[in-house]
Amino acid sequence: MTRRSAAAPASHQASPGRVLPAAFYARPTLEVAADLPGKLLVHRSPAGETSGIIVEVEAYIGEDDPACHAAPGPTRRNRPLYGPPGRAYVYLNYGIHALLNAVTEEEGSPAAILIRALEPIGGVPLMRRRRRRAGKGVRALAPDAPDLDLCRGPGNLTRAMGISLDDNEADLTGRRLCIVDGPAPSGEVIWSPRIGIRVGTERLWRCYVAGSRAVSGGR
DNA sequence: CGTTCGATGCACT
DNA sequence: GTGCATCGAACGT
């Protein structure tokens, strides 16, 4: 076996612009979650391209995690969680919001990371147009809302980026939807209990960039 | 500040 | 029929 270099970059090391390979996701979920803040989520659609720096994620790990959709065992809905790492798991929640997850671990090990907030980078006008449209129980974003509110919260960011149930099981290393290396996180990355759930709140599996105004939850 | 509540679609029991 | 990994408006304090 030959090696290009003794310092060949591992899948989780930064190299700006590089699309994160499937190997990035084929690791323990908490390690992947810790590495996601600072990465760039990119979505391309006929309407245009949008992107943003990930600043908040949550891990959902295994059938023993009561808050994970895999808790009841395999079902039709959670099938992507049992699939290969590096794909999207998108589902509809409260009948209104499409929520985006990145599947981790390995095939047969149901685990994923919920992407909860981004700092908008590219396609901000397109994001604002999408969020200014009301519909399906979703109110239009106020015209004077700051850019940092556009992708603040898991339902808001999918709406701003045009991510829908059509993206369920999408390849996260593909052209339509991918995560690429970005700058180092702008602040300290810290862990807290997951929010918005009623069970499993004792696990500190929410990971976010301290001080970012784009992080969801209280201010 | 805080809490409450309605909108809405789908998977699951 | 029930229950959400949400959001934001409309209150009350």
Side-chain angles (χ1 to χ4, degrees), chain A residues 25 29-30 32-34 36-37 41 52 54-83 87-105 109-118 120 127-170 172 191-208 213-219:
Chain A
Y25 304 94
T29 303
L30 295 181
V32 182
L36 278 176
L41 178 68
I54 297 171
V55 292
E56 181 187 5
V57 300
E58 282 176 359
Y60 291 86
I61 309 175
E63 296 178 348
D64 292 336
D65 173 6
C68 180
H69 282 182
T75 65
R76 184 162 75 260
R77 178 202 217 191
N78 65 27
R79 187 177 40 134
L81 291 176
Y82 290 83
R87 301 236 273 241
Y89 169 46
V90 183
Y91 72 95
L92 193 65
N93 132 98
Y94 291 99
I96 298 169
H97 307 288
L99 267 50
L100 170 67
N101 298 253
V103 175
T104 58
E105 309 270 347
S109 289
I113 296 167
L114 171 69
I115 312 296
R116 289 193 59 92
L118 314 172
M127 290 181 180
R128 192 172 289 277
R129 252 179 281 136
R130 286 171 171 150
R131 294 235 27 216
R132 290 252 303 156
R133 276 203 172 287
K136 280 209 302 192
V138 181
R139 328 249 172 175
L141 182 71
D144 58 344
D147 286 355
L148 286 174
D149 279 355
L150 291 173
C151 298
R152 180 169 179 267
N156 288 335
L157 81 87
T158 56
R159 186 166 176 81
M161 297 195 79
I163 293 168
S164 71
L165 294 183
D166 292 342
D167 294 294
N168 192 27
E169 298 193 273
L172 286 177
W191 296 84
S192 81
R194 295 172 293 183
I195 60 180
I197 55 173
R198 310 176 77 100
V199 291
T201 51
E202 73 284 355
R203 299 169 206 229
L204 305 184
W205 286 355
R206 173 172 175 252
C207 176
Y208 64 97
R213 300 279 295 177
V215 170
S216 67
R219 273 264 157 87

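Each chain gets a letter, A, B and so on, in the order its sequence line appears, and its residues count up from 1.
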[X] side chain, from C-beta outward: closest of [options]:
X	options	value
A:Lys136	C:dT6, C:dA5, B:dG9	B:dG9
A:Pro72	B:dA7, B:dG9, B:dT13	B:dT13
A:Leu92	C:dA5, B:dT8, B:dC10	B:dC10

Query raised in the report: Does A:Arg206 make a cation-pi contact with A:Tyr208, if we ask for NZ or CZ under 6.0 Å from the ring centre and within 45° of the axis?
Result: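 Ring-cation test returns yes.
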
Query - A:Ile113 and its side chain to side chain contact (heavy atoms under 4.5 Å, CB included) partner, picked from A:Leu36, A:Asn101, A:Ile54, A:Val103 - result: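 Single pass found, and it is A:Leu36.
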
Checking all strands, does [X] fall into the base, sugar-phosphate, or nothing category for heavy-atom contacts under 4.0 angstrom?
X	value
A:Arg76	sugar-phosphate
A:Gly155	sugar-phosphate
A:Arg131	sugar-phosphate
A:Asn101	base

Integer-rounded Å distance: [N] [atom2] and [X] [atom1]:
X	N	atom1	atom2	answer
A:Arg133	B:dA7	CZ	C1'	19 Å
A:Ile96	B:dT8	CD1	P	7 Å
A:Arg77	C:dA5	CZ	P	7 Å
A:Asn156	C:dT6	CG	C1'	8 Å
A:Leu141	C:dC7	CG	P	12 Å
A:Leu81	C:dA5	CG	C1'	11 Å
A:Leu99	B:dC10	CG	P	15 Å
A:His97	C:dC7	NE2	P	6 Å

Query raised in the report: Strictly by modelled atom types, are A:Glu63 and A:Tyr82 linked by a side-chain donor-acceptor pair under 3.5 Å?
Result: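 A donor-acceptor contact under 3.5 Å links the two side chains.
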
Report task. Once you apply the 3.5 Å cut-off to both distances, tell me the Watson-Crick or G-U wobble partner of B:dG6, or none. Result ->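 Partner of B:dG6: C:dC7.
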
**Report entry** Span that lies between the P atom of B:dT13 and that of C:dA5, in whole angstrom
**Finding:**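 Going atom to atom, P in each nucleotide, I get 14 Å.
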
Report task. Please say which of A:Arg213, A:Arg128, A:Arg152, A:Arg131 ends up in a salt bridge (Lys or Arg N to Asp or Glu O under 4.0 Å) with A:Asp147. Result ->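 Going through A:Arg213, A:Arg128, A:Arg152, A:Arg131 one by one, the salt bridge (Lys or Arg N to Asp or Glu O under 4.0 Å) with A:Asp147 is satisfied by A:Arg128 alone.
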
Requested in this report: To the nearest 0.5 Å, tell me how far A:Ser216 OG sits from A:Ile195 CD1.
Outcome: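 Atom-to-atom, A:Ser216:OG and A:Ile195:CD1 are 4.0 Å apart.
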
Requested in this report: Ignoring backbone atoms, establish whether A:His69 has a side-chain N or O less than 4.0 Å from OP1 or OP2 of C:dA5.
Outcome: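 Yes.
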
Requested in this report: Please indicate yes or no: is the ring centre of A:Tyr94 less than 5.5 Å from the centre of the six-membered base ring of B:dA7, with the two planes inclined by under 30 degrees?
Outcome: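 Taking the rule of under 5.5 Å and under 30°, the ring of A:Tyr94 does not stack on B:dA7.
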
